[in-house]
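One structure is given below, encoded as structure tokens.
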Amino acid sequence: MFEKAAEKIKNAKIIPVAKIQEKKDAIELARAITNGGMKAVEITFRTNDGETGLEKIAGCIESIKKEFPHILVGAGTVINANLAQKAQNAGADFLVSPGFNPKTVKWCVEHEISFFPGVCTPGEIEQAIEVGLNFLKLFPAEVMGGTKFLKSLAGPFPQTVFIPTGGINAENFSSYLSCKNVGAVGGSWMCPENLIKEKKWQEIENLCKKANFPCIKNC
Ligand code: 3PG
């Protein structure tokens with residue numbers, strides 16, 4: 001299910017994960033990311049400003065999509081159907097969540113919204129397979145055992161492809177990408193919160209370029 005979006009994510013290979021809620025900053029961030037050679041971005045629904053903050057985040061997704069239509073824009077931390085609806089209205093290309101919430105999954109499947117929920121146990125993977133989902137976020141990847149965990153999952157779940165996130169960084173991302181059951185990796189290491197706060201767009205661009213270059217060589 002959701003093969004088209006999954007293929008695009010596999011093609012992008014690396015998804016910078018960002019916490020941002022000001023539209024102007026979102027545009028600058030997207031510019032830095034594209035200049036850095038990235039083809040996708042995930043904007044997380046994470047805010048200390050309640051509903052107003054969530055609306056602003058949806059506005060960021062919408063603005064990036066309008067200004068940079070060629071980038072794949074994902075909505076992250078989609079922990080309920082209400083956020084899934086917001087992400088869809090904003091024009092997100094795909095949705096991800098940290099965990100496997102059967103209610104959100106059901107809602108997205110019924111509404112044909114490309115959703116790649118997070119899993120971190122074989123039981124959750126089985127539940128995903130049961131509803132036809134074979135492309136899943138793996139979170140938190142590194143503390144769950146990283147590439148060793150992924151290799152163990154390849155045996156019982158040969159049909160499942162993962163997007164590991166959580167603890168992925170400049171040093172370990174290419175080892176994740178070399179796992180046969182990894183379609184792409186996600187992480188905030190290219191656009192950490194402090195650089196966004198300080199509007200250090202050039203540094204973000206450089207971090208993306210650094211991640212992009214070895215990937216092109218190795219993948
Ligand atoms: C996510 O939501 O995917 C993670 O918070 C990203 O994890 P990281 O900050 O460890 O990269």
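Ligands are counted one by one from 1 in listed order, and the atoms in each one are counted from 1 as well. Predicted model, so just to flag it, every value in this text is computed and none were measured.
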**Message:** Any carboxylate oxygen within less than 4.0 angstrom of a Lys/Arg side-chain nitrogen, looking at Lys199 and Glu28?
**Reply:** no
**Message:** Tell me whether Lys86 is salt-bridged to Glu51, with the criterion being a basic N under 4.0 Å from an acidic carboxylate O.
**Reply:** yes
**Check: Ala81 main-chain N/O paired with Gln85 side-chain donor or acceptor under 3.5 Å** = no
Dump the pairs for me: ligand 1 N or O, protein N or O, distance under 3.5 Å, to 0.1 Å.
| from | atom 1 | to | atom 2 | distance (Å) |
| --- | --- | --- | --- | --- |
| ligand 1 | 2 (O) | Arg46 | NH2 | 2.4 |
| ligand 1 | 2 (O) | Lys137 | NZ | 3.4 |
| ligand 1 | 3 (O) | Lys137 | NZ | 2.8 |
| ligand 1 | 3 (O) | Thr165 | OG1 | 3.4 |
| ligand 1 | 5 (O) | Arg46 | NH1 | 3.3 |
| ligand 1 | 5 (O) | Arg46 | NH2 | 3.3 |
| ligand 1 | 9 (O) | Ser188 | OG | 2.6 |
| ligand 1 | 10 (O) | Gly167 | N | 2.8 |
| ligand 1 | 11 (O) | Ser188 | N | 2.9 |
| ligand 1 | 11 (O) | Ser188 | OG | 3.3 |

Using a 3.5 Å cut-off and no angle test, enumerate the donor-acceptor pairs between side-chain atoms of residues 127-154 and protein atoms at least two apart in sequence or in another chain.
| from | atom 1 | to | atom 2 | distance (Å) |
| --- | --- | --- | --- | --- |
| Lys137 | NZ | Thr165 | OG1 | 3.4 |
| Glu142 | OE1 | Tyr176 | OH | 2.3 |
| Ser152 | OG | Lys148 | O | 3.0 |

**Message:** Quick check: is Leu83 connected to Val17 through a chain of hydrophobic side chains (ILVMFWY, heavy atoms under 4.5 Å apart)?
**Reply:** no
**Request:** Compute the ring centroids of Phe115 and Trp107, then answer whether they are less than 6.0 Å apart.
**Result:** no
